[in-house]
Peer 1: 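Dropping the structure in here first, questions after.
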Amino acid sequence: MKKTVNTAALPKVVTNKRDIKKGGTYKIGISSNTPFAGVFLSELSNDSIDTEVSYPGNEELFKCDDSYTIVDGGAANLALDYKQNTATITINPKVKWSDGSPLVANDLVYSYKIIANKDSGSARYTDSLQNIVGLEDYHAGKTNTVTGLKTPDGGNGRKLVIQFTKMTPAMKQQGSGYILSNAAPYHYLKDIPLAKLATSDQVRKKPLFFGPYKLTKITPGEVTEWRLISIIIKVRQILIR
């Protein structure tokens, strides 16, 4: 007779105080009745298992404290100006995509444009995002640009200024929906029609990430393998080494 385990009683956090094993491999299993979908772009993914299997490389832009309030020290810092109705995002100059390209303002802008463009099929467009000046017109197909997304140092610079119709204290909370915490590699995806982005090799087979791990192998629907490339910033409480 097989022994049953009450998973609810298992500890949520495990601490290992032993020395790190050099050259070791850390294996994680995920229980699922179906293969993972394999859409490795946050703007388009609707599958929670995709999020789990891409976790080692899929870093968020902002660091937050225990109450999920955004603080400085992440891949980018956030500054809100309640008088000007703006949010300024400044990218850490050390952060790079897994192909070695720097994370730049164009990558942040493209994330909003993917989500707001109906051709992409993204399910993440919300009323909260419509608070960005010009995003609703872009979503409706009235314009190819978003007037409320400004790159004062150019698209290859490190700063994005977002103009809102109104401000709310919730903007300082991670996951509030007003400000995206992800980015999309514009230099890598820009030539792919948005309608074909979700099925492209750049998203399915050879995705880029700016987290500490680089994706080295994908067995579709089954396995992802990662290699540690660098730890520039510590956004998460726990990093797998």
Side-chain angles (χ1 to χ4, degrees), residues 7-8 10-15 28 30 39-95 97 103 105 107-112 114-116 122-133 135 148-149 158-185 209-213 226 230-241:
T7 57
L10 294 175
K12 294 182 179 181
V13 178
V14 176
T15 301
I28 302 173
I30 299 174
V39 179
F40 298 113
L41 190 66
S42 297
E43 294 78 4
L44 300 178
S45 178
N46 298 315
D47 187 277
S48 61
I49 302 299
D50 281 356
T51 302
E52 292 288 341
V53 299
S54 63
Y55 179 83
N58 202 13
E59 192 66 89
E60 293 187 332
L61 283 177
F62 308 115
K63 182 178 180 178
C64 62
D65 61 18
D66 292 340
S67 60
Y68 297 98
T69 299
I70 295 172
V71 297
D72 287 351
N77 291 338
L78 174 69
L80 301 178
D81 188 328
Y82 289 92
K83 292 183 178 180
Q84 298 297 323
N85 284 3
T86 61
T88 299
I89 300 173
T90 304
I91 298 169
N92 184 324
K94 296 181 179 180
V95 179
W97 292 99
L103 179 67
D107 303 328
L108 275 58
V109 172
Y110 202 45
S111 187
Y112 288 91
I114 291 172
I115 288 174
S122 175
R124 295 189 60 190
Y125 185 73
T126 63
D127 290 341
S128 297
L129 288 176
Q130 286 187 168
N131 192 33
I132 297 171
V133 173
L135 196 65
L149 299 176
R158 296 189 294 108
K159 188 175 291 185
L160 171 65
V161 179
I162 305 174
Q163 185 75 52
F164 295 99
T165 58
K166 60 182 179 180
M167 302 293 285
T168 170
M171 291 174 176
K172 199 66 175 176
Q173 294 297 120
Q174 184 81 287
S176 67
Y178 291 98
I179 299 171
L180 298 178
S181 60
N182 44 275
F209 302 91
F210 61 84
Y213 287 80
W226 304 80
S230 64
I231 298 179
I232 297 172
I233 51 176
K234 187 175 180 181
V235 174
R236 302 169 183 148
Q237 295 286 51
I238 300 173
L239 287 176
I240 301 171
R241 296 188 178 191

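Since the structure is predicted, the reported quantities are computational estimates derived from the model, not experimental observations. Quick note: numbers below take in every heavy atom, side chains included, and nothing from hydrogens, waters or symmetry partners. Here, residue 1 is the first one in the sequence, and each next residue gets the next number.
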Peer 1: Is there a donor-acceptor contact under 3.5 Å linking the side chains of Ser111 and Glu43?
Peer 2: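 There is such a pair between these side chains.
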Peer 1: Using modelled atom types only, decide if a donor and an acceptor are shared between the side chain of Arg158 and the backbone of Ile91 within a distance under 3.5 Å.
Peer 2: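 Indeed, once roles are kept as given, a pair shorter than 3.5 Å links the two residues.
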Peer 1: Quick one: pull up CG in Leu80 and OG1 in Thr88 and give me the separation to the nearest 0.5 Å.
Peer 2: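 The OG1 atom of Thr88 is 8.5 Å from CG of Leu80, to the nearest 0.5 Å.
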Peer 1: For the CG atom of Leu135 and the CZ atom of Phe164, what is their distance to the nearest 0.5 Å?
Peer 2: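 So the CG of Leu135 and the CZ of Phe164 are separated by 10.0 Å.
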Peer 1: Do Phe209 and Trp226 have their ring centres less than 6.0 Å from each other?
Peer 2: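 Ring-ring flag for Phe209/Trp226: true, centres closer than 6.0 Å.
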Peer 1: With a sphere of 6.0 Å drawn around OH of Tyr68, does it hold more than 12 non-hydrogen atoms of other residues, nucleotides or ligands?
Peer 2: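 Count not over threshold, so no.
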Peer 1: So, do Ile114 and Arg124 sit near enough that their side-chain heavy atoms are less than 4.5 Å apart?
Peer 2: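 No - every pair of side-chain heavy atoms lies 4.5 Å or more apart.
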Peer 1: Just wondering, more than 12 heavy atoms not from Lys159 lying within 6.0 Å of its NZ?
Peer 2: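 No, NZ of Lys159 has 12 or fewer neighbouring heavy atoms, counting only those of other groups under 6.0 Å.
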Peer 1: Can you find a pair of side-chain heavy atoms, one from Phe62 and one from Ile179, that are under 4.5 Å apart?
Peer 2: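 Yes, side chains in contact.
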Peer 1: Test of understanding: with side-chain hydrogen bond (donor to acceptor under 3.5 Å, both in side chains), list the residues that count as partners of Ser42, not counting sequence neighbours.
Peer 2: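 Listed in chain order: Asn58.
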Peer 1: Could you check whether any side-chain heavy atom of Leu129 comes within less than 4.5 Å of a side-chain heavy atom of Leu180, counting everything from C-beta outward?
Peer 2: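 Contact flag for Leu129/Leu180 side chains = yes.
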Peer 1: Quick one, Leu61 and Leu103 - any side-chain contact, counting heavy atoms below 4.5 Å?
Peer 2: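 Side chain of Leu61 against side chain of Leu103, heavy atoms only: contact under 4.5 Å found.
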Peer 1: Between Tyr125 and Gln130, do the side chains contain an N or O donor and an N or O acceptor separated by less than 3.5 Å?
Peer 2: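 Yes, because at least one side-chain N or O of Tyr125 sits under 3.5 Å from a partner of the opposite role on Gln130.
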Peer 1: Return the OG to CG distance between Ser45 and Asp50, rounded to the nearest 0.5 Å.
Peer 2: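 Reported value, rounded in 0.5 Å steps: 4.0 Å.
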Peer 1: How close do Trp97 and Ala183 get, counting heavy atoms only, and between which atoms?
Peer 2: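 Taking Trp97 first and Ala183 second, the nearest heavy atoms are CH2-O, 3.6 Å.
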Peer 1: Without hydrogens or angle criteria, can the side chains of Gln174 and Thr69 be said to hold a donor-acceptor pair below 3.5 Å?
Peer 2: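 Short answer, no.
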Peer 1: As a quick check of understanding, evaluate side-chain contact (heavy atoms from CB on, under 4.5 Å) for Asp107 and Phe210, giving each step before the final call.
Peer 2: CA-CA 11 Å; Asp107 303 328; Phe210 61 84; over 6 Å; no
Peer 1: Taking the side chain from Gln163 and the backbone from Gln84, do they hold a donor-acceptor pair closer than 3.5 Å?
Peer 2: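 Checking the backbone N and O of Gln84 against the side chain of Gln163, a donor-acceptor pair under 3.5 Å is found.
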Peer 1: For the atom pair OG1 (Thr90) and CG (Asn77), what is the distance rounded to the nearest 0.5 Å?
Peer 2: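 Reported to 0.5 Å precision, the distance equals 6.5 Å.
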Peer 1: Taking side-chain hydrogen bond (donor to acceptor under 3.5 Å, both in side chains) as the definition, give me every residue that meets it alongside Asn131, ordered by chain and number, with sequence neighbours left out.
Peer 2: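 Here the qualifying residues are Thr165.
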Peer 1: Work out which heavy atom in Pro212 is nearest to a heavy atom in Pro56; give both atom names and the distance.
Peer 2: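 Of all heavy-atom pairs spanning Pro212 and Pro56, the closest is CD-O, 3.6 Å.
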Peer 1: How long is the straight-line distance from CE of Met167 back to CG of Asn85, given to the nearest 0.5 Å?
Peer 2: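 Output value for this atom pair is 6.0 Å.
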Peer 1: I need the Asn182 CG to Leu41 CG distance, nearest 0.5 Å.
Peer 2: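 Answer for the CG-CG pair, Asn182 versus Leu41, is 8.0 Å.
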Peer 1: Does a side chain donor of either Ser67 or Asp65 reach within less than 3.5 Å of an acceptor in the other side chain?
Peer 2: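 On atom types as modelled, these side chains qualify, holding a pair under 3.5 Å.
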Peer 1: Using atom types as modelled and distance alone, determine if a side-chain donor or acceptor of Thr86 lies under 3.5 Å from a backbone N or O of Val161.
Peer 2: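 Side chain of Thr86 to backbone of Val161: no pair is present.
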